[in-house]
Amino acid sequence: MDRSRVLTYTMIDTAITKGLRDIQDNLYRGLRNLVDLGSYFAQDQEQRGFFWNMHSRLVDSRSSYFSMARHVLNTTDHRILKRVGINLGYNGWIHGSKILRQNAALTGYALPPSLFFDFQGGMLPLPILEEMLTAGEEQGIYSSLFWVEGRTGEVEDVVQTLQNFSDHACFISCPPHLISDELAKAVRKAQNIAVVLPYTSATYKKCRGAAQILVENKCLFGTSISYDSNSLSYILDPSLQKQLSILQGSFACFELKGDLGPLSEANLKEFLAQARSSRGASIFLLDLRMDLKERAENIGPGSKYFVIDHQGNVRQAWENTTLPGVNIKSHSLPRIAQAMAIQPH
């Protein structure tokens with residue numbers, strides 16, 4: 001990390017530490033001050049627009065964002081909030097985006113701002129995972145999402161590896177039955193990891209048990225809900241938000257399987273806009289595909305997310321087709337971006 005970035009990072013770290021203390025003394029003033037801090041470091045129109053929107057939502061003292069903030073501050077280790085927040089906000093969104101755009105301008109191919117790893121069929125050797133994360137940070141990528149199934153020990157191995165990447169924001173999605181007290185303690189110790197629990201009505205009891213363990217260990221966590229065009233009404237139903245609130249997670253992420261028609265997509269956008277308004281949902285809601293695609297488009301045209309599986313094969317995110325001949329053992333990240341650029345939308 002160069003000297004200028006170290007100074008900026010230290011300044012933000014100190015300001016956020018003070019901000020978290022201020023929030024405990026005065027929630028309303030402290031949260032607004034943190035948003036002002038973000039505005040100060042914003043470097044482009046997208047970033048300034050985000051903080052302007054956040055500031056406007058905090059004008060109302062009855063804004064749902066205050067209750068969200070109160071909940072996450074009361075249930076989550078503040079060291080995790082600070083680390084994940086800085087890694088997403090400064091390392092990824094500000095510093096990382098700058099590097100990604102510079103590289104895209106030089107090569108003509110834009111990498112996405114996050115890496116996806118699908119370990120549901122097995123595990124990528126940990127040394128190779130470390131190489132990928134290191135290469136990602138060199139290219140400006142400071143956040144990753146992992147889908148992990150199998151044994152609890154495999155999840156623990158991933159957690160142990162990720163704690164060595166303190167500048168990285170990591171999200172691990174794993175079935176609720178794999179959550180143990182030992183795993184939760186390791187996640188809390190790492191400080192840069194958020195857990196995502198895949199949720200269905202059938203897994204509610206298991207999710208509630210896992211959520212209780214995560215709450216007791218003050219971990220940052222949320223839920224993910226898969227849906228398709230036939231089940232869109234399920235995620236729009238207010239009763240789902242009530243069930244998710246009971247789990248005490250800080251966020252909920254919707255994962256679309258397949259495609260939505262124009263009308264359904266418009267309904268979803270309207271729903272999310274209302275949920276994120278000052279009088280919206282009690283937990284933060286996002287749509288993985290819709291929100292992350294918008295984030296990638298702000299990096300550069302042609303920026304596409306891709307998924308790396310346990311064998312190192314690469315496929316376009318939200319597609320079932322593996323890119324022929326593309327593997328992390330033979331392709332660097334820039335070469336993967338080049339291969340992705342010629343794939344049909």
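Hydrogens, waters and symmetry mates play no part in the numbers below; they use all other heavy atoms, side chains included. We're numbering straight along the sequence, starting at 1.
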Exercise for review: Verify the ring-centre separation between F171 and F146: is it less than 6.0 angstrom?
Suggested key: no

Check your understanding: Are F251 and L81 in one and the same hydrophobic cluster, where Ile, Leu, Val, Met, Phe, Trp and Tyr link if side-chain heavy atoms are under 4.5 Å apart?
Key -> yes

Exercise for review: Determine yes or no for a side-chain-to-main-chain donor-acceptor pair under 3.5 angstrom, with H78 supplying the side chain and L73 the backbone.
Suggested key: yes

Check your understanding: For E294, does the CD atom have more than 12 heavy-atom neighbours from other residues, nucleotides or ligands under 6.0 Å away?
Key -> no

Practice item. Hey, can you tell me if F165 and H168 have their rings parallel, tilted or perpendicular (30° and 60° cut-offs)? Key: perpendicular

Point to revise | Flag, side chain of S143 to backbone of A169, donor-acceptor distance under 3.5 Å | key: no

Practice item. Without swapping roles, check the side chain of K206 against the backbone of P176 for a donor-acceptor pair under 3.5 Å. Key: no

**Study point:** Residue pair R188 / I80: nearest heavy atoms and the distance that separates them
**Key:** CA-CD1, 3.9 Å

Exercise for review: Taking only Lys NZ, Arg NE, NH1 and NH2, and the carboxylate oxygens of Asp or Glu, determine whether D181 and K185 approach each other closer than 4.0 Å.
Suggested key: yes

Review point. Under 3.5 Å, side chain of H95 to main-chain N/O of G140, donor-acceptor pair present?
Key: no

**Study point:** Linked, directly or transitively: F284 and I246 (ILVMFWY side chains, under 4.5 Å)
**Key:** no

Review point. Which heavy atom of V59 sits nearest a heavy atom of R32, and at what distance?
Key: O-NH2, 3.5 Å

Practice item. Go through W93 and Y142 one step at a time and tell me if the ring-ring contact (aromatic ring centres under 6.0 Å, His included) criterion holds. Key: CA-CA 9 Å; W93 197 24; Y142 286 89; over 10 Å; no

Point to revise | Y199-Q243 side chain donor-acceptor pair, cut-off 3.5 Å | key: yes

Review point. After noting the C-alpha distance and the side-chain angles of I128 and K329, does the key distance pass the side-chain contact (heavy atoms from CB on, under 4.5 Å) rule?
Key: CA-CA 9 Å; I128 296 180; K329 298 173 184 177; 4.3 Å; yes

Study note, to complete from the structure: Exactly one of V84, I172, L220 clears side chain to side chain contact (heavy atoms under 4.5 Å, CB included) with I193, and that residue is I172

Exercise for review: Answer yes if I99 and I86 sit in the same cluster of Ile, Leu, Val, Met, Phe, Trp and Tyr residues linked by side chain heavy atoms under 4.5 Å apart, and no otherwise.
Suggested key: no

Check your understanding: Taking F306 as the fixed residue, which of V326, L323, L115 is the one that meets the side chain to side chain contact (heavy atoms under 4.5 Å, CB included) rule?
Key -> L115

Check your understanding: Which atom pair, heavy atoms only, marks the closest approach of P113 to S303?
Key -> CD-OG, 4.4 Å

**Study point:** Flag for N87-D167: side-chain donor and acceptor within less than 3.5 Å
**Key:** no

**Study point:** Donor-acceptor pair, side chain of R57 and main chain of S64, under 3.5 angstrom
**Key:** no

Review point. So does K218 have more than 12 non-hydrogen atoms from other groups sitting under 6.0 Å from NZ?
Key: yes

Exercise for review: Verify the cluster assignment for L232 and L288: are they in a single hydrophobic cluster under the rule of side-chain heavy atoms below 4.5 Å apart?
Suggested key: no

Check your understanding: Between Q163 and N192, does any side-chain donor sit less than 3.5 Å from a side-chain acceptor?
Key -> no

Check your understanding: If you round to the nearest 0.5 Å, how far is CZ of R5 from OG1 of T10?
Key -> 11.0 Å

Exercise for review: Determine whether more than 12 heavy atoms belonging to other residues, nucleotides or ligands lie under 6.0 Å from atom CD of E130.
Suggested key: yes

Check your understanding: Do D259 and R289 sit within salt-bridge range, that is, some charged N less than 4.0 Å from a carboxylate O?
Key -> yes

Check your understanding: Between D287 and Y227, do the side chains contain an N or O donor and an N or O acceptor separated by less than 3.5 Å?
Key -> yes

Check your understanding: Any side-chain donor paired with an acceptor under 3.5 Å for T203 and T200?
Key -> yes

Check your understanding: Between the side chains of R295 and S97, is a donor N or O closer than 3.5 angstrom to an acceptor N or O?
Key -> yes

Practice item. State whether a side-chain donor-acceptor pair under 3.5 Å links K82 with T17. Key: yes

Exercise for review: Could you grab the distance from atom OH of Y65 to atom CE of M68, nearest 0.5 Å is fine?
Suggested key: 5.0 Å

Review point. Are F221 and L244 connected in the hydrophobic side-chain network, where two residues link if heavy atoms are under 4.5 Å apart?
Key: no

Exercise for review: Would you please say whether a donor-acceptor pair under 3.5 Å links the side chains of D309 and Q311?
Suggested key: no

Check your understanding: Taking it one step at a time, do D22 and R29 satisfy salt bridge (Lys or Arg N to Asp or Glu O under 4.0 Å)?
Key -> CA-CA 8 Å; D22 291 344; R29 184 180 65 239; 5.9 Å; no

Point to revise | Audit row: L145, F117, side-chain contact (heavy atoms from CB on, under 4.5 Å) steps and yes/no | key: CA-CA 6 Å; L145 174 57; F117 296 91; over 6 Å; no

Check your understanding: Any idea how Y90 and Y9 line up, ring-wise: parallel (<30°), tilted (30 to 60°), or perpendicular (>60°)?
Key -> perpendicular

Study note, to complete from the structure: Result for side chain to side chain contact (heavy atoms under 4.5 Å, CB included) between L111 and one of Q139, K304, M340 points to Q139

Point to revise | Pair D228 + K257: basic N to acidic O under 4.0 Å | key: no

Review point. Should R276 and D291 count as an ion pair when the cut-off is N to O under 4.0 Å?
Key: yes

Check your understanding: After noting the C-alpha distance and the side-chain angles of I94 and Q47, does the key distance pass the side-chain contact (heavy atoms from CB on, under 4.5 Å) rule?
Key -> CA-CA 8 Å; I94 296 177; Q47 294 164 9; 3.8 Å; yes

Check your understanding: With a cut-off of 6.0 Å (strictly less than), are more than 12 heavy atoms of other residues, nucleotides or ligands near CD of E216?
Key -> yes

**Study point:** side-chain hydrogen bond (donor to acceptor under 3.5 Å, both in side chains) assessment of S282 paired with S245
**Key:** CA-CA 7 Å; S282 59; S245 296; 3.0 Å; yes

Exercise for review: Could you tell me whether a side-chain N or O of N217 sits under 3.5 Å from a main-chain N or O of C219, the two making a donor and an acceptor?
Suggested key: no

Point to revise | Salt-bridge present (E319, R315; N to O < 4.0 Å) | key: no

